[in-house]
Amino acid sequence: MSGLLLWIALATAGVREDVDAAAEAARKADPARAAALAAMEPGVTRNGMARFPGEAWRGEHDGALLLARLLDGGDDEATRAALAEAVRHTDAPWGAAFAWHLAVEPSAAVREVEADALRRWSGPEAVPALVSTLRDADPAVRAAAARSLGGRPDGALAGETLLVALADPSPHVRAAAARSVGLLGLPRERLAPLLSDPDERVRVAAERGMSR
Amino acid sequence: MLLPVTVALVGCGHSYEIPYRYPTEVTGHANLDDDDLGGEPDWDDDALVAGEDDLPDIHAWTDCDHGAAVTLALTGDVDLVRVWDGDTLLLDVDHPTATYTWSSSPELSVEFGGFLATATLSLTPAADQARDVACTAGDLALLSAPLILNHHLQVAEQEMMLDAGAENEAFVAGFDQALGDMVITGSVRTYQWDVWVQDEFEFATTGGMGVVIDSVRSMRGAGLDDFPEDNLEAPGMAVLSWGLGPGASSQDSFGNLEVSPPVTVDGVEYPFGRIYWGEWQGEGPVDELTELLEAQKVQDPFQVDVSWLCVGHVDEFSTFLPDPSAPKGFRLYLASPRAGWTFLESLDPTLALPRYAEDHGYDTVGDLLADTDLAALQEELQVDYVDVAREVFKRELGLDDADIVDLPAVYEVYPGCGGATLSLIPGTVNLTVAQPAGGETHLFLPDPFFRADGAPIEDDPVVSAIEALLPPDAVTHWLDDWDTYHLMMGEVHCGTNTRRAQTRPWTDARHLLEGE
């Protein structure tokens with residue numbers, strides 16, 4: 001296990017147990033609500049994605065129940081992605097859970113949602129988790145991690161990894177990394193080679209990043 | 001022998017007789033509705049059906065005498081044209097020529113099976129006519145109407161949406177109060193909670209017939225797939241689809257297929273406006289549909305880039321509104337992330353936003369303004385996409401800056417959308433416009449809820465800012481679409497569909513077919 005993964009493991013130790021305990025308490029507090037949330041199916045958004053409507057996350061204990069359902073992994077990929085999107089609106093410890101879950105979730109679509117969501121998680125687990133996710137096998141997930149780091153006040157802590165991501169084989173990742181390098185004020189001269197990148201999105205992001 | 005037909009004109013002390021001019025062309029429309037409610041388009045029936053009323057009469061075409069022996073021949077799009085003698089099929093693709101004995105009152109009619117079908121019906125008198133029987137050879141051009149989509153300046157006849165009970169009660173009530181009997185609702189239970197009524201079908205006309213284009217987005221009975229058949233299909237109103245479902249994408253939804261008002265571009269008049277659709281990373285609606293729309297010529301389609309939008313529909317950032325005070329009688333409203341951010345900067349940063357705290361993670365205006373990533377995103381979207389689209393609209397529609405209104409908007413990257421965006425503040429540009437005949441222009445917009453819980457809508461700074469930019473005579477209705485639509489990636493326009501009247505003859509666009 002790399003040092004980074006070990007750090008994440010330590011930082012998120014007990015998260016799963018905490019979530020399960022909170023969910024169990026929620027089931028006892030309101031069994032009917034818990035049963036309804038366990039059986040709730042996502043709605044269909046305008047572009048056909050599965051998402052849970054607002055009423056799914058507005059109850060006092062809904063976050064814990066939805067997060068536990070996500071971590072249980074018993075739903076299909078689309079539903080798990082919808083659960084990940086929903087829990088970010090709650091006061092459940094979803095960011096810490098995502099930091100752990102990103103390493104074990106098999107679906108790239110779910111990991112992408114989690115990596116995107118971590119842009120707004122204020123806890124210290126986010127940056128290490130996103131740094132680790134920059135090595136994800138799926139380019140869409142790596143791009144999400146690069147995006148999220150650029151939007152975080154502490155994103156510069158991942159500076160070296162973002163600079164490495166400028167050479168990612170995926171143009172989506174290179175473009176996202178270039179944007180984040182510019183936003184975070186990292187050494188902009190490192191963007192210069194991307195001005196001749198074969199992908200226009202990368203060139204635009206690099207040019208814009210250098211001018212910030 | 002028929003006597004020469006004359007028309008007398010009397011005036012100024014003189015009288016003139018001019019010969020009657022037999023028609024050289026007959027126009028009609030594709031017979032694709034189902035007048036007998038038999039379950040198939042009438043064109044697909046082997047015989048004329050009961051109630052058939054879509055076949056132009058061509059009996060007064062020429063001046064042959066009763067009993068004249070002639071040969072009739074059909075050339076051109078013979079697979080899309082048939083000629084009937086009463087109830088008897090006379091000419092079609094399998095029998096393009098026939099001998100025929102002219103009667104004093106022939107019951108000839110022509111049937112079209114497609115849009116813009118062209119053919120020539122030729123009459124050749126037999127060489128050995130009976131004594132005292134005369135007949136003149138002649139050609140009759142046959143032409144069917146193009147398919148024409150509706151635009152926002154046309155009078156509204158019906159407004160459609162789904163009724164989700166308490167969930168969208170206020171939304172439906174807003175339309176009911178303004179439009180009364182014009183509102184038609186279906187139950188969300190019947191249509192599997194697929195509330196995206198805008199996306200399922202598009203209203204059009206061909207000649208005197210109504211056409212509902214049924215999207216491939218939900219084929220085989222899913223969601224709203226049966227809504228057009230259940231609620232709209234009737235004699236005189238055909239429900240048709242192009243393409244197949246398996247290849248469908250979000251771009252096949254008809255919030256991604258819109259039409260400008262009538263425009264003149266570089267001296268070319270488009271009396272029915274021009275069609276536009278969005279392309280997401282180069283991909284638009286299914287080829288079968290786009291090729292059909294391009295082939296109609298009269299609304300010459302163009303495309304704009306929607307790759308920056310998670311849903312990827314043109315109605316997420318553009319709309320046209322009638323405005324009698326505008327130079328062209330309408331204005332293009334474009335969502336402007338730059339104007340949106342400038343607007344935020346003008347507000348009190350301590351303004352609390354409870355709706356946004358709960359569902360978007362921003363407690364106050366100051367929280368929004370502190371998000372430097374969000375600020376940068378607005379400028380990037382403006383420069384990379386909206387300004388580019390603005391130039392496309394100007395070029396393709398002959399607009400100038402005075403014809404365009406920048407509507408403040410704020411977008412955010414949405415998790416799982418590959419970096420693409422959704423409206424953070426409910427997208428007011430995604431509105432529904434309805435002008436009942438002889439009535440006012442009603443605009444139905446998503447309530448932005450940019451205010452404290454329980455505060456009156458008059459206190460909402462977004463509402464005030466948008467109202468100041470809308471046509472002065474429009475009546476606005478701010479509707480709660482938050483849970484059912486906004487949080488599920490759509491707004492008011494997405495959840496509604498407007499049937500509009502087409503009062504203009506398609507031949508007003510005939511000049512756009514010339515030279516082909």
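Sequence lines set the chain letters: A, B, ... in the order given, protein chains first and strands last, and positions in each chain run from 1. No hydrogens, no waters, no symmetry mates; every other heavy atom, side chains included, goes into these values.
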- [ ] Using a strict 4.0 Å threshold on nitrogen-to-oxygen distance, state whether E358(B) and R355(B) make a salt bridge.
- [x] no
TODO: Quick one: list whatever passes side-chain hydrogen bond (donor to acceptor under 3.5 Å, both in side chains) with E412(B), sequence neighbours left out.
DONE: H360(B)
Open item on the list: Could you tell me if Y485(B) and N430(B) have a donor-acceptor pair between their side chains, going purely by distance under 3.5 Å?
Closed with: no
Open item on the list: Under 3.5 Å, is there a donor on one side chain and an acceptor on the other for E125(A) and W121(A)?
Closed with: yes
Task: Contacting moiety of R51(A), where chain B heavy atoms sit under 4.5 Å - done: both
Task: Region of V204(A) in contact with chain B, defined by heavy-atom distances below 4.5 Å - done: side chain
Open item on the list: Using heavy-atom distances under 4.5 Å, tell me whether D371(B) contacts chain A through its side chain, its backbone, both, or neither.
Closed with: side chain
TODO: Please look at W193(B) and chain A and tell me whether the side chain, the backbone, both or neither of the residue comes under 4.5 angstrom of a heavy atom of that chain.
DONE: neither
- [ ] For each of L377(B), V413(B), V383(B), D384(B), tally heavy-atom pairs with chain A at distances under 4.5 Å, and name the one with the top tally.
- [x] D384(B)
Open item on the list: Looking only at the side chains, is there a donor atom on one of S218(B) and E200(B) sitting less than 3.5 Å from an acceptor on the other?
Closed with: yes
Task: Among G155(A), A175(A), G151(A), residue most engaged with chain B (heavy-atom pairs, under 4.5 Å) - done: G151(A)
Task: By ring-ring contact (aromatic ring centres under 6.0 Å, His included) - contacts of W57(A) (at least two apart) - done: H89(A)
- [ ] Measure centre to centre between the rings of W308(B) and F317(B), then say whether the value is under 6.0 Å.
- [x] yes
Task: Residue R119(A) versus chain B: region with a heavy atom under 4.5 Å - done: side chain
Open item on the list: Counting heavy-atom pairs under 4.5 Å with chain B, which one of R208(A), E85(A), M49(A) comes out on top?
Closed with: R208(A)
Open item on the list: Less than 4.5 Å to any heavy atom of chain B: does that hold for the side chain of E114(A), its backbone, both, or neither?
Closed with: neither
TODO: For chain B, find which of R212(A), H172(A), E55(A) contributes the most heavy-atom pairs closer than 4.5 angstrom.
DONE: R212(A)
Task: Under 4.5 Å from a heavy atom of chain A, the part of D359(B) involved - done: both
Open item on the list: Between E316(B) and chain A, with a heavy-atom cut-off of 4.5 Å, which part of the residue counts as in contact: side chain, backbone, both or neither?
Closed with: side chain
Open item on the list: Determine whether the aromatic ring centres of residues F449(B) and Y356(B) are separated by less than 6.0 angstrom.
Closed with: no
- [ ] Give me the one residue out of D168(A), D136(A), D116(A) that meets salt bridge (charged side-chain N to carboxylate O under 4.0 Å, His left out) with R142(A).
- [x] D168(A)
Open item on the list: At a 4.5 Å cut-off on heavy atoms, which part of E167(B) comes close to chain A: side chain, backbone, both, or neither?
Closed with: side chain
Task: Approximate separation, where rounding is to 0.5 Å, of L368(B) CG and Q378(B) CD - done: 9.5 Å
Task: Aromatic contact, F201(B) with F254(B) (centres under 6.0 Å) - done: no
Open item on the list: Only heavy atoms, only distances under 4.5 angstrom. Which residues in residues 29-46 of chain A are near chain B?
Closed with: G43(A), V44(A), T45(A), R46(A)
- [ ] Taking ring-ring contact (aromatic ring centres under 6.0 Å, His included) as the test, write out the residues that go with Y414(B), two or more places apart.
- [x] none
- [ ] Could you tell me whether the side chain of D447(B) and the main chain of L479(B) form a donor-acceptor pair under 3.5 Å?
- [x] no
Open item on the list: Quick check on R152(A) against chain B: is it the side chain, the backbone, both or neither that has a heavy atom closer than 4.5 Å?
Closed with: neither
